[in-house]
Amino acid sequence: MEYDFRKIEAGWQEKWKGSNAYAVQHDFTKPKYYVLDMFPYPSGAGLHVGHPLGYIASDIFSRYKRLKGFNVLHPMGFDSFGLPAEQYALETGQHPATTTQKNIATFKAQLDKIGFCYDWNREIQTSDPAYYKWTQWIFLQLFNSYFDKKENKAKPISELISSFETAGNGTAFSATEWKQYTEANKQAILMNHRLAYCGIGEVNWCEVLGTVLANDEVVNGMSERGGHPVVKKKLRQWYLRITDYADRLLEGLDTVAFSDAMKEMQSNWIGKSSGAEISFQVQDTSDMLTVYTTRPDTIFGVDFMVIAPELDLVNSIKSVEQAAAVDAYVDYVKSRSERERMSEKKISGCFTGAYALNPFNGRAIPIWISEYVLAGYGTGAIMAVPCGDERDFKFAQYFNIPISNIIGSHFTGEAANATKDAILENSGFIDGIPMREAAEVVINKLTEMGIGIRKVNYKMRDAAFSRQRYWGEPFPITWKEGVAYPLDESSLPLVLPHVDSYSPGPDGQGPLANIPEWVARELETNTMPGYAGSSWYFLRYMDPHNSETFCDRKISDYWNQVDLYIGGTEHAVGHLLYSRMWTKVLFDLGLIGFDEPFKKLLNQGMIQGSSRFVYRLKEDSNQFVSAGSKDQYDTVAIHVDVNMVDALELDMEAFKKWKPEFATAVFITEADGKYICGAEVEKMSKSKFNTVNPDELCNKYGADTFRMYEMFLGPVEQSKPWDTKGIEGVHRFLRKLWRLFFDEQKGAVWNQDKPNDAANKILHRTIKKIEDDTERFSFNTAVSSFMISVNELTDINCHSREILEQLLILLTPYAPHIAEELWLQLGNTTSVLDATFPVYQANYLVESSKEYPISINGKLRSSILLPLDMDTASVESLVLQNEVVQKWLEGKPPKKIIYVKGKMVNVVI
RNA sequence: GCCCAGAUGGCGGAAUUGGUAGACGCAGCAGACUCAAAAUCUGCCGUUCGCAAGGAUGUGCAGGUUCGAUUCCUGUUCUGGGCACCA
């Protein structure tokens with residue numbers, strides 16, 4: 001009987017489906033475990049081998065926890081709103097809903113082939129009205145809430161209104177004044193408090209295309225489609241007040257098991273700093289220039305000011321002489337994306353002709369504009385201290401601005417020194433004070449003078465929450481006379497209407513602005529961004545069909561936090577921060593019982609593509625030269641489909657058949673007649689012809705082989721290029737495992753023999769290793785220890801059912817199909833999915849002696865077998881008697897002997 | 001530019017707490033079985049000197065700490081991810 005994996009896998013997938021083997025019950029008496037993957041965006045390209053890496057890891061862990069007796073929730077769904085579907089609709093006229101459904105069907109078929117244990121009854125799709133009804137509902141909760149800074153939590157906005165009605169807001173208006181305000185006025189004030197609010201933001205605007213572009217669609221300041229100029233345009237936008245949660249998002253990091261790198265990325269993104277906001281009088285005007293600085297102690301070292309070119313202040317302070325230069329520079333900056341501005345190495349800027357006055361000595365400080373100062377951070381203006389800040393120093397040098405020194409010998413004039421350890425010089429009233437103490441003194445003085453305050457600042461900005469797009473959740477908002485009103489909850493979902501054209505609406509509005517009925521109802525024409533649906537989807541899986549509420553509180557109390565969340569680091573600061581914020585809001589409003597969504601986060605690495613190239617001669621487009629001699633010609637590298645290249649050797653016949661233009665290709669080969677391709681690691685993408693389809697591998701080798709091979713590639717967290725070579729080895733392993741049970745000629749070879757000590761030792765060592773490795777997500781080493789144990793059981797000719805049965809349970813999470821089949825063949829009547837994970841027994845692994853490595857001066861020279869319980873003196877004397885040691889000692893006594901019990905011996909001479 | 005991560009044989013990787021570098025697998029080489037092939041099995045397999053025994057050298061690069069460093073520290077190079085409208 002042979003290992004017919006195709007029959008076995010198809011058969012079991014069918015049976016498991018039929019028996020609802022993966023249906024999850026709300027058995028509140030069982031301990032729960034929630035394993036979640038970041039759900040995919042169902043792109044038209046289908047699944048490639050990079051997607052399943054994390055899914056396989058989570059599937060293994062889910063199945064492992066199930067064997068360990070947990071009630072495991074392991075759902076899957078689709079993040080099905082998004083730009084590519086809309087783009088595709090623009091190009092082909094097909095409705096995004098249609099193409100999205102088609103793509104989802106493909107994804108599901110592909111996922112099912114790999115044998116995942118999803119409970120598809122719980123599938124969610126963010127573009128399904130039954131789902132986004134609740135996305136809209138949560139948006140309304142955000143809209144109807146404000147952040148109470150005293151209590152550091154969200155509350156219903158009605159509470160804020162009643163406090164305005166009874167006590168005003170304390171400073172700006174009284175209760176009486178509030179009551180006299182017009183409705184529009186009241187709403188405008190409330191808008192400043194809502195967690196979801198409207199404001200003005202800048203977008204990438206392309207006049208020619210008449211549309212707003214994503215950063216992705218802008219290349220070098222031009223639109224990707226058509227290459228038209230892109231400028232920034234101010235538009236009304238929705239925002240989420242995530243900055244109010246900055247501190248809690250920071251503190252929450254201490255309560256979750258994310259990698260240190262992940263925590264650091266998030267905390268850098270939030271970018272909390274403390275310092276002061278200082279207002280400088282602009283010379284000969286009544287204007288004040290307010291800067292944010294973390295170093296108020298350096299105020300006497302300020303040699304110039306830099307303000308963001310887009311600030312309105314620029315226009316009011318620029319001098320007549322500088323006006324033309326300033327306007328030209330502002331125009332230049334308008335054409336630059338924020339990314340370009342931040343990564344520009346070339347120094348640029350323009351003097352405004354205006355001066356600010358140092359409040360302590362009245363010194364006139366020139367005010368410049370430069371693209372490296374961004375309007376969105378701090379006050380959009382900085383005080384530049386070239387002796388203490390590298391960028392300021394370079395700027396001063398470049399523009400020949402004289403540099404003052406306030407830190408004495410700490411500043412050489414060659415480079416800035418950001419030290420905080422200097423004693424201040426040339427610093428007026430803080431002369432002679434250590435910098436660390438001076439900050440405090442300066443802030444107090446500024447506060448006294450009424451021109452400065454202590455200020456905590458965050459780099460993080462409020463999250464832009466609207467898109468001028470069609471394929472997203474409509475906002476449940478109507479506009480009446482410029483005031484936004486929420487729709488009644490009972491009218492949800494506000495269904496995305498059908499459109500005939502996906503072209504943008506007038507004045508940068510989205511396609512919804514083209515629908516007369518929509519506009520007539522004064523509905524918001526923006527839609528929500530891609531991350532709206534993904535900010536709370538982990539909750540909906542718990543209670544996916546509830547039509548009364550987004551998720552029943554009793555149910556969310558049971559399933560609680562996601563115990564293990566698996567996904568890529570590319571979501572480090574986007575999705576993860578947004579979903580953490582939403583969770584905190586829902587918690588504050590009492591809708592759920594926990595305020596961090598993900599207890600443990602595992603980041604899977606990205607599987608990159610390994611591209612292959614042929615080199616076409618520039619002078620003759622029909623000739624292709626092998627990589628070995630390409631330098632002798634003038635060539636163009638062309639991507640070729642990796643599936644027709646064996647390692648680096650091109651299948652020349654397949655290449656000729658690949659595209660008609662290559663049918664008569666002529667090859668300049670290596671001396672042995674082979675055509676060798678060039679190789680490069682790049683992102684896996686259809687356009688680079690480096691994608692490998694999991695379906696084909698499942699067909700050829702089976703899902704179990706594919707699963708184990710993906711794990712065997714290396715640590716899940718690590719990024720690596722895909723290479724199909726090597727999958728044979730894993731397949732061979734499964735066949736070898738099969739042969740422990742069945743012989744092709746003889747049939748069953750497994751027996752009821754009592755296992756010997758050697759077999760038990762192999763089994764129990766494997767139990768321990770698989771359990772340890774699985775717990776620490778070291779799936780690659782787990783696969784390797786399966787290989788080792790099968791090799792060893794084969795070597796000792798062990799076919800004992802008692803051993804093999806336990807091994808199958810261990811293998812179930814990794815290779816469920818073959819495990820279930822062999823389990824059945826051994827005569828079991830229940831599914832191996834519900835078996836109990838074996839318990840490791842230490843007594844089989846007790847050793848009494850160890851082969852110790854013997855080093856001389858740290859270099860391995862020999863080894864000696866020693867009893868583990870031997871005392872140090874005896875060990876040392878035995879080691880010294882060893883002839884290799886004696887040879888190295890040359891009769892002299894050793895300087896030192898280091899004996900680490902159970903590890904090694906090192907003789908120092 | 002800024003933030004984060006990574007680098008070990010021909011290749012993917014192992015070494016879990018500073019203690020035998022290269023487990024396991026791929027590729028390769030030699031052999032067994034076979035009419036032949038496939039499948040399977042056995043042996044070899046970092047580099048280098050040596051007939052061998054054995055030695056030297058070796059974890060991106062340059063230093064340092066230590067009896068001992070792939071592991072810790074400093075600097076540096078390259079590669080990957082993110083940088084707020086791709087998801």
Exercise. Quick one: is B:rG80 close enough that its OP1 or OP2 comes under 4.0 Å of any side-chain N or O from A:Q608?
Worked result: no
For this session: If B:rU59 has a Watson-Crick or G-U wobble mate with both distances under 3.5 Å, name it; if not, just say none.
Result: none
Problem set entry | B:rG9, syn or anti by chi within 90 degrees of zero | syn
Exercise. What does A:S259 touch in the nucleic acid at a heavy-atom separation under 4.0 angstrom: a base, only the sugar-phosphate, or nothing?
Worked result: nothing
Exercise. B:rC67, B:rU20, B:rU16: which one has an atom nearest the side-chain heavy atoms of A:K896?
Worked result: B:rC67
For this session: Indicate yes or no for a side-chain donor-acceptor contact from A:N457 to the backbone of A:S273 under 3.5 Å, with no hydrogens or angles considered.
Result: no
Problem set entry | Between P of B:rA87 and OH of A:Y578, the distance in whole Å | 11 Å
Exercise. Which is true for A:K459 with a 4.0 Å heavy-atom rule: it touches a base, it touches only sugar-phosphate, or it touches nothing?
Worked result: base
Problem set entry | Atom C1', compared across B:rU59 and B:rA69: separation rounded to whole Å | 10 Å
Exercise. Which is true for A:V907 with a 4.0 Å heavy-atom rule: it touches a base, it touches only sugar-phosphate, or it touches nothing?
Worked result: nothing
Problem set entry | Proximity to the side chain of A:W269 - top-ranked nucleotide from B:rC85, B:rC83, B:rG13 | B:rC83
For this session: Could you check how far OH of A:Y899 sits from C1' of B:rC67, rounded to whole Å?
Result: 17 Å
Exercise. Partner of B:rG9 by Watson-Crick or G-U wobble geometry, both contacts under 3.5 Å, or none?
Worked result: none
Exercise. Can a side chain N or O of A:R735 be found less than 4.0 Å away from OP1 or OP2 on B:rA39?
Worked result: no
Exercise. Under 4.0 Å between a side-chain N/O of A:K345 and OP1 or OP2 of B:rG1, yes or no?
Worked result: yes
Problem set entry | Residue of the set A:F733, A:Y701, A:W738 for which ring-ring contact (aromatic ring centres under 6.0 Å, His included) holds with A:Y3 | A:W738
Problem set entry | Separation between the P atoms of B:rG60 and B:rA53, rounded to whole Å | 30 Å
For this session: Could you tell me the separation between the CD atom of A:E473 and the P atom of B:rA87, rounded to a whole number of Å?
Result: 11 Å
Problem set entry | ring-ring contact (aromatic ring centres under 6.0 Å, His included) between A:Y709 and A:H731, intermediate numbers included | CA-CA 8 Å; A:Y709 182 57; A:H731 190 63; over 10 Å; no
For this session: Figure out the CZ/P separation between A:R225 and B:rC86, and round it to whole Å.
Result: 14 Å
For this session: Looking only at side-chain atoms of A:I788, point me to the closest of B:rG82, B:rC67, B:rA23.
Result: B:rA23
Seminar exercise, completed: note: A:M684, atom CE; B:rG81, atom P; distance rounded to Å ~ 13 Å
Exercise. Between B:rA87, B:rG82, B:rC85, which one does the side chain of A:Y41 approach most closely?
Worked result: B:rA87
Problem set entry | Nucleotide paired to B:rC85 in any strand shown, Watson-Crick or G-U, under 3.5 Å | none
Exercise. Which nucleotide sits closest to the side chain of A:M787: B:rG25, B:rA14, B:rA15?
Worked result: B:rG25
Problem set entry | Flag side-chain contact, heavy atom, 4.5 Å: A:R739 against A:R735 | yes
For this session: Return the value, rounded to whole Å, for the distance between atom CG of A:L734 and atom P of B:rA39.
Result: 16 Å
Problem set entry | Pair A:F779 + A:F712: ring centers closer than 6.0 Å | no
Exercise. With respect to the side chain of A:P84, which nucleotide from B:rU20, B:rA27, B:rC86 is positioned closest?
Worked result: B:rC86
Exercise. Is A:A261 touching bases, backbone alone, or none of the nucleic acid, heavy atoms closer than 4.0 Å?
Worked result: sugar-phosphate
Problem set entry | Closest nucleotide among B:rA87, B:rG25, B:rU40 to the A:R739 side chain | B:rU40
For this session: Describe the nucleic acid contact of A:K895 in one word from base, sugar-phosphate, nothing, applying a heavy-atom distance below 4.0 Å.
Result: nothing
For this session: Select base, sugar-phosphate, or nothing to describe what A:I898 touches, counting heavy atoms under 4.0 Å on all strands.
Result: base
Exercise. So what does A:E340 hit on the nucleic acid, given a heavy-atom distance under 4.0 Å: a base, only sugar-phosphate, or nothing?
Worked result: nothing
For this session: Spell out, as yes or no, whether a donor-acceptor pair under 3.5 Å connects the side chain of A:S789 to the backbone of A:F786.
Result: yes
Exercise. In terms of the nearest nucleotide of RNA chain B, which residue is placed more toward the 5' end: A:E264 or A:R467?
Worked result: A:E264
Exercise. Among the nucleotides B:rG19, B:rG82, B:rC24, which one has an atom lying closest to any side-chain atom of A:S784?
Worked result: B:rC24
Seminar exercise, completed: As its Watson-Crick or G-U partner within any shown strand, both distances under 3.5 Å, B:rA32 has B:rU40
Problem set entry | Rounded interatomic separation in angstrom, taking CE from A:M265 and P from B:rG80 | 17 Å
Exercise. Which value, in whole Å, describes the distance between the C1' atoms of nucleotides B:rA39 and B:rC44?
Worked result: 22 Å
For this session: Pick base, sugar-phosphate or nothing for A:P40, based on heavy-atom distances below 4.0 Å to the nucleic acid.
Result: nothing
Problem set entry | Mate of B:rG80 where both pairing distances stay under 3.5 Å, Watson-Crick or G-U | B:rC4
Seminar exercise, completed: Checking A:F81, A:W471, A:W536 against A:Y132 for ring-ring contact (aromatic ring centres under 6.0 Å, His included), the one that qualifies is A:F81
Problem set entry | Nucleotide nearest A:K887 (side chain, heavy atoms from C-beta), chosen from B:rC85, B:rG54, B:rC3 | B:rG54
Seminar exercise, completed: Of the listed B:rA84, B:rG81, B:rC86, the closest approach to the A:T569 side chain comes from B:rG81
Exercise. What is the nucleic acid contact for A:N215, judged by heavy atoms within less than 4.0 Å: base, sugar-phosphate only, or nothing?
Worked result: sugar-phosphate
Exercise. Considering the options A:F538, A:F78, A:Y537, A:F107, which one meets the ring-ring contact (aromatic ring centres under 6.0 Å, His included) requirement together with A:F39?
Worked result: A:Y537
For this session: Would you kindly compare A:E338 and A:L713 by the position of their nearest RNA chain B nucleotide and give the one closer to the 5′ end?
Result: A:L713
Exercise. Within the structure shown, what part of the strands sits under 4.0 Å from A:M460 by heavy-atom distance: base, sugar-phosphate, or nothing?
Worked result: base
Problem set entry | Distance in angstrom units between A:E728 CD and B:rA38 C1', rounded | 12 Å
For this session: Considering just the side-chain nitrogens and oxygens of A:R732, establish if one lies under 4.0 Å of OP1 or OP2 belonging to B:rA27.
Result: yes
Exercise. NA contact type, A:E851, heavy-atom cut-off 4.0 Å: base, sugar-phosphate, or nothing?
Worked result: base
For this session: Select base, sugar-phosphate, or nothing to describe what A:D772 touches, counting heavy atoms under 4.0 Å on all strands.
Result: nothing
For this session: Respond yes when some side-chain nitrogen or oxygen of A:R469 is under 4.0 Å from OP1 or OP2 of B:rC86, and no when none is.
Result: no
For this session: May I ask you to say what A:V203 touches in the nucleic acid, namely base, sugar-phosphate or nothing, with a heavy-atom cut-off under 4.0 Å?
Result: base
Problem set entry | Set of residues satisfying side-chain contact (heavy atoms from CB on, under 4.5 Å) with respect to A:N857, sequence neighbours excluded | A:V908, A:I909
